[in-house]
There are 2 protein chains.
Amino acid sequence: MGESKNTEETILEAAQTVFIRKGLDGARMQEIADEANINKALLHYYFRSKQKLFDAVFSKVLSGTFNEMRAIFQGGLSVEHAIKRFADSYIDTLIKNPYIPEFVIHELNKDPEALKKTVSQNLPDISPFLRTIQKEMEEGKIIEMEPKQLLMNTISLCIFPFVGRPIVTQILFEGDEQEFYQTMERRKKDVSDFILNAIKT
Amino acid sequence: MGESKNTEETILEAAQTVFIRKGLDGARMQEIADEANINKALLHYYFRSKQKLFDAVFSKVLSGTFNEMRAIFQGGLSVEHAIKRFADSYIDTLIKNPYIPEFVIHELNKDPEALKKTVSQNLPDISPFLRTIQKEMEEGKIIEMEPKQLLMNTISLCIFPFVGRPIVTQILFEGDEQEFYQTMERRKKDVSDFILNAIKT
DNA sequence: ATCTAATTTTGCCAAATGGTTAAACTAATT
DNA sequence: AATTAGTTTAACCATTTGGCAAAATTAGAT
């Protein structure tokens, strides 16, 4: 059969690049075809429609994003270790893929119903980690606070700078992208220091 | 002259509603016209083009967003008071306008160059607050850390839950929006407690 | 070599969409 | 009432865009 390497995978990668950059509405099938160095009709041959191609990309991105989160929060780690590991590995991933969170969030914001199924299929269960937090609070290892607020704080501190990168870079680094990324490297450690300091008894 | 009340303002509000919900690319001029209960051609009469209408909306939203930030961080408050006030008033604003941050961030992410001018015209100058942080560290009032990381943490903790609201609501509240907003009410206080705990000597 | 099935390209279409034009309407002014 | 300037509408146009049908090509099987 006539194929250069793996056309389907090539298309998916090109589509991911374009969709992440422009969003579903902003992306053009022609642009995806160009990015993949193929003909526009070929996109429809492999994925029927723009929507189906988008769904494939979105699902792939979403599962990748959540798998990492699941591995950490369902791993039975202590609060300290989970936070350290989350900050370190998640910020590391985001330095390499800074556009993913904004992409997911925007599409979800625009049409929550349409993507609800895809989301719920991938959603990590964080209740084990919430119980660990609860337990350590009762043991007096960390201060008392709502476990959900602690988890929300951890996630916020890691992800927000990347979601808000364009503004953050302007306000704090006068537009210097490189300085932004250098600060993120240091932030892997700074975030867990900050959180652990805030919750130590 | 024949006008119902203030057509221009009506259009701007309708456009803001639709642009925030769908983004520039997802919004349709017809939908904006419907939202404003007017004819599509009237949009062009008042604002020439979709792009110009969008620019007007974006600029208005951006200045509103940054004015509040500027007032707090340029107000010469102590670190403790500035953080308390920022968390309280910003989260309060976001409870009322939860879609604004994601809107601004998405458009900025999609086309940073096109909006650079609008952004830089409204950008708050946070250097006074960074100096205040520096000073209080030297006086031993708060622990040593990069002032920019502290500011980034403050902003992240306040804004992220709203930007990531669709996912956060799913993961932490099983999709219950009301519980999300109740948690945000409590969060006004929780965020400043958390930060002040993290930086106290 | 021929046949067959999968893949790729060419050329095209119908619908959607941003935008324009000219006519119609409204209300203050004279 | 006639004029005039500003406002609103209806009808239409040009372009873009997602999508499709049919021809062309490729490569493995017989």
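If you're wondering where the values come from, they're calculated on a predicted model, not measured in any experiment. Residue numbers begin at 1 in each chain, while the letters A, B, ... track the order of the sequences.
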Counting just side-chain N and O atoms, does A:Tyr45 come under 4.0 Å of either OP1 or OP2 of C:dT8?
no
Output the single nucleotide from C:dG19, D:dT9, D:dG18 whose closest atom is nearest the side chain of B:Leu42.
D:dT9
To the nearest 0.5 angstrom, please state how far the CG atom of B:Leu150 sits from the CD1 atom of B:Ile195.
7.0 Å
Rounded distance (Å) that lies between atom C1' of C:dG19 and atom CG of B:Leu53
13 Å
Return no unless some side-chain N or O of B:His44 is found under 4.0 Å from OP1 or OP2 of C:dG19.
yes
Of B:Gln51 and A:Asn39, whose closest DNA chain C nucleotide lies nearer the 5' terminus?
A:Asn39
Using a distance-only criterion (donor-acceptor N/O pair, under 3.5 Å, no hydrogens), is the base of C:dG19 paired with the side chain of B:Lys40?
yes
Measure from CD on B:Gln30 to P on D:dT9 and round the result to the nearest Å.
12 Å
Below 4.0 Å: OP1/OP2 of C:dT7 and any side-chain N or O of A:Thr7
no
Taking atom C1' of D:dT17 as reference, at what distance in whole Å does atom CG of A:Leu43 sit?
13 Å
Rounded interatomic separation in angstrom, taking CG from A:Asn37 and P from C:dT9
10 Å
Kindly check if the number of other-residue, nucleotide or ligand heavy atoms within 6.0 Å of CD (A:Glu139) is above 12?
yes
Could you give the NZ-to-P distance, from B:Lys52 to C:dG19, as a whole number of Å?
9 Å
Heavy-atom closest pair, residues B:Ile155 and B:Phe86
CA-CE2, 4.1 Å
Round to the nearest Å and state the distance from A:Asp25 atom CG to C:dA16 atom P.
16 Å
Using OP1 and OP2 only, check whether a side-chain N or O of B:Arg28 sits under 4.0 Å from C:dG18.
yes
Nearest 0.5 Å please: distance from the CD atom of B:Glu144 over to the CD1 atom of B:Ile142.
8.5 Å
OP1 or OP2 of C:dG19 versus the side-chain N and O atoms of B:Arg48: is any pair under 4.0 Å?
no
side-chain N/O B:Ser49 vs C:dG18 OP1/OP2, d < 4.0 Å
no
Gap between atoms CD and C1', on B:Glu31 and C:dG18 respectively (whole Å):
15 Å
Given the rule in the side-chain hydrogen bond (donor to acceptor under 3.5 Å, both in side chains) test, do A:Asp55 and A:Gln51 qualify, once you have shown the distances and angles that lead to the verdict?
CA-CA 6 Å; A:Asp55 290 344; A:Gln51 187 62 48; 3.1 Å; yes
N/O (side chain, A:Tyr46) to phosphate O (OP1/OP2, C:dT8) under 4.0 Å:
yes
Checking all strands, does B:Ala33 fall into the base, sugar-phosphate, or nothing category for heavy-atom contacts under 4.0 angstrom?
nothing
Taking atom P of C:dT20 as reference, at what distance in whole Å does atom CZ of B:Phe47 sit?
16 Å
Would you mind telling me which of D:dG18, C:dT9, D:dT8 lies closest to the side-chain atoms of A:Ala41?
C:dT9
